[in-house]
Structure formats: C-alpha cells, structure tokens
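Just so it is clear, the structure is predicted and the values come from calculations on it, not from any experiment. Note: hydrogens, waters and symmetry copies are ignored here, and every other heavy atom, side chains too, is used. Every chain is numbered from 1, with letters handed out A, B, ... down the list of sequences.
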Protein chains: 2
Amino acid sequence: MPVTIKVSEETFTPRQQAVLTAALDLLVENGDGLTMTAVARRASCSKETLYKWFGDRDGLLTATVQWQAAKVRMPVVDRSHLNAKALRLSIEQFARDLLTVIVGEVSVTLNRTAVTHAAQEKDSLGLIVLENGPLAIRRRLKPILEAGRDARLLRFESSEDAYRTFFGLVVRDVQIRLLLGDKALTQSNIEANIEVDVKAATDQFFTLYGAKASNA
Amino acid sequence: MPVTIKVSEETFTPRQQAVLTAALDLLVENGDGLTMTAVARRASCSKETLYKWFGDRDGLLTATVQWQAAKVRMPVVDRSHLNAKALRLSIEQFARDLLTVIVGEVSVTLNRTAVTHAAQEKDSLGLIVLENGPLAIRRRLKPILEAGRDARLLRFESSEDAYRTFFGLVVRDVQIRLLLGDKALTQSNIEANIEVDVKAATDQFFTLYGAKASNA
DNA sequence: CCGCTGGCGTACCGTACGGTACGGTTCGAC
DNA sequence: GTCGAACCGTACCGTACGGTACGCCAGCGG
C-alpha cells in the first residue's frame, strides 16, 4: 500500500534524510542506477523499511527529488531602496544563482531524472523540478522586475515575457547541452566563464528592457 | 554481437525504415515503452530480424534517433544579396524553424530519449540529437551572421556568442518545460503564439546585435 | 526477565524484458 | 522441383529488479 507523500512541508527524520541522501548520491553517481536494493545497501537499511517509509520506488524517487529540490534557496534581495545600481545587482544575482544551480551536477541529475520520468506519462517529478527550479526563480524575480518598472527603471509590457527572456539570455543552450551529455561543456569550463556570462546576460537584459531602450 | 551503425550516410531499406517508423511511433506514444517485442509486433517482423539488423536494443534506438533526427532539414537561405530586409527574414526564418522543430512532439520524444540515455553514461544519442538539432542550426546560421557582420548589418565579437544568444532568445524556457512535461504548455498553445514569439525574438536579436545597437 | 516494537539483513517470488533458438513459409535462382 | 536465403512467429532462457515474507537483534516498558 503506497504511502502518500505530502507535496510540501514534509519533514523527514534524520534517518530518513540519510536514506534520501544515499538515494541522491546513487542517482548522481550511477545515473538512473537507482535500485531499491542499492539504496538499501548504501543506506544500511532494509528494503522493507524503504517500502514502509516511501511506499514504492516512485515514492522514494519523488521524496528524494522533492527534498533535494526544496534545498535550492535563493538569497533574498533587498527591495527597499531600488535605485538603478541596486536593481542591476539584484538581477545580476538572479542570473548568477540561476546559472550556478543549472550547471550543478545535482541539478543536471535531477532534471535528467525528471525528464526520464516525464517520458512515462509520470509528470510528477517534472512538476517538482519545474516548481523548484525555473518557477521558483520566476516567483522571486517577477516582483523585482515589476518594482523596477514602477520605478521607471525598466520597460516592458508583460513581466512574464520579460522573465522568460531573462531566462533565455542566461541559460541559452547550456542546460540542454548538459542534459544531453555534451562533453564539450565541462564543469570547470562553464564555471570559469560564469561571471562573464552573467555580466553579459545582465547587460543584454538591460539593453532590451532598460528604461532607455527602444523596447521590442 | 552488436552491429556498428554508421554515423552518417546510412541507407536503410524501405522495410527497415518501416521498422524504424514503428519504433519511433512507439517511442512517441508510450514514452520509453520501447520493447523489442513491441517493435517487432508493431512492425510485423520477428525479433530475430531486429537483432540481425540492429545488433541490440541500443542499436535499434540509435538507428531510430539517427534516422529521424537526420530528417530535420533546414530550408536553404539565399545569401547572395544581403540587404537588411533579407537578413532579417533569414534570421526570422531560422527562429521559426528552430522553434517549430523544438516544439514538435517528435523532437520532444527524441530529446527525452536522448536525455534518458545520457543518464546512463551513454551519450551517443545525446550527441546525435545535439548534432542534428542545435548544432545543425548553428552551422547554418553562423555563416549568415558573419555575412551580416561583413555587410555592416550586424555587430558582435564572437559569432558563437551571437548564436547562443539567438538560441536563448528563441527557445527561452520552452524546451525544458516541454521536456519536463509542463501541462501548461499545450501544443496548440505554443503554436498559436509561434509567430509572435518568432517576431519578438528576432526584434530582440536585432536590438542586441543590429549595427546601430550599443552592443553589449 | 518478558514481551513488544522498530528496524536490519536476507532469502524469496513474480514479472518484464533483452536476447536466442527453431520450425514454418515465401520467394527467387537454377 | 529443389535448394537456400530471408524472414515471420513464437516459444524459450536468463537475469535484473520491484516488491514481500520472515528470522533476528536491540532497546525499552513493565
């Protein structure tokens, strides 16, 4: 009988978190080599316990992704005094956070897992990743963008479009290439350029949406 | 004994193509439900023939992806008289092609399959998809961009960066959301907006890289 | 000390699926 | 007509893995 995993606010005991950590490690190491037996062995627990706690394999997977994805936390941006410089720094910070997360090995693994999962009419993992990745950034960025518009620092019709353009400028083809296993993109290779790319993306964003731009 | 699949120029007999079509259909329908038995039944052939022709399951998968991916053909762009209007139309056309391909059900399936594959230290499918998707566009677009620069219609340092920005402006978060199974993005929903998005992306690209832009 | 509960380890079961073997059929060559 | 090649259909094997059952131990309340 599968145990229903609460979608949010789920509190795991330390022991359970250790199990989830083991599961995540296996996921990162072996790709999809996440077998119940392997998790049990890695976590030094019995399969029966796994089933008791997480219901079935999908439950364990969901719990792992959910738990890990929720760990991604964005730094709070000071929104009180919104001059041009502060706005730019905020947006730059978002770009940096977004890129850093996306490039990380854990993120790649989680996204791959979720994509694989979505290829089987099971979209729950996809939603979780989506919710805690792009959408989380969006929720935090949109108010900033709108505040920027209200302060006449930015110009755009739809904050949704502005956000999505921002996403595109920052992420470009990096994520899909990582997911597809492009060897030309090594971790170090990206991380070395991350600051340059972040600056460039921010510049471009302001070129498109800055108050003085002939907005498209 | 696995048969080596030639990476290019592979010519399949009509019968083999029918098998590959069946495999692709199954892939699109059932996600990863691509079992050898299912393909054999769907294509009305014997499993033994499948193994004879494609070596093993991976060979069949590779042949399917390879064969289908190679079908994506970009229209040739007239590069002879390169005035501003022609350049814009070319780039707009690239944007339209890129977006149309990426949004298609087949592309989503192929990308998902390749990502799943890449999650198992097997990156061959990823490379094929990469090669026939983004990189194919890049190969065709770069000369246009450089011609545009030579004609003083565009300004950029690196055509590579220009291409990647173009990719980001066009694709934005559409592809990853589709791969993750975001229900909010229905096929019709996207296709209805495709022209608007293409225009917007092209405008933005010219804002960033047009000759008159204060290039970032 | 007794018994109960929670959890470990392991053996076990059922099934799905990759891969193989083999008999039967069609078809072209001679 | 005979032979052989190609191929279909299906039965079969081995294995990996999800899921279950059970024996055992530790801790703890009484």
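Applying the ring pair (Phe, Tyr, Trp, His ring centres under 6.0 Å) criterion to Phe166(B), with sequence neighbours excluded, gives Phe205(B).
Across the protein-nucleic acid pair, Arg15(B) atom CZ and dC7(D) atom C1' stand 9 Å apart, rounded to whole Å. Counting to the nearest Å, the P atom of dG19(C) and the CG atom of Leu60(B) are 10 Å from each other. If you measure from atom NZ of Lys52(B) to atom C1' of dC7(D), you get 7 Å, rounded to the nearest angstrom. Rounded to whole angstrom, the span from the CZ atom of Arg42(A) across to the P atom of dG9(C) amounts to 15 Å.
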Between the protein and nucleotides 10-18 of chain C, which nitrogen or oxygen pairs come in under 3.5 angstrom?
residue : atom : partner  : partner atom : Å
dG18(C) : OP1  : Arg57(B) : NE           : 2.9
dG18(C) : OP2  : Met36(B) : N            : 3.0

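The aromatic rings of Phe12(A) and Phe54(A) sit tilted, their planes meeting at an angle between 30° and 60°.
Side-chain atoms of Asn132(A) come within 3.5 Å of backbone atoms of Ile128(A) as a donor-acceptor pair (strictly under, hydrogens ignored).
Judged by the 6.0 Å and 45° rule, Arg88(B) forms a cation-pi pair with Phe206(B).
Dashed line: the shortest gap from a side-chain N or O of Trp53(B) to OP1 or OP2 of dC7(D) is under 4.0 Å.
Salt bridge Glu157(A)/Arg149(A): absent, no basic N to carboxylate O contact under 4.0 Å.
For residues 123-146 of chain B, there are no ring pair (Phe, Tyr, Trp, His ring centres under 6.0 Å) pairs, not counting sequence neighbours.
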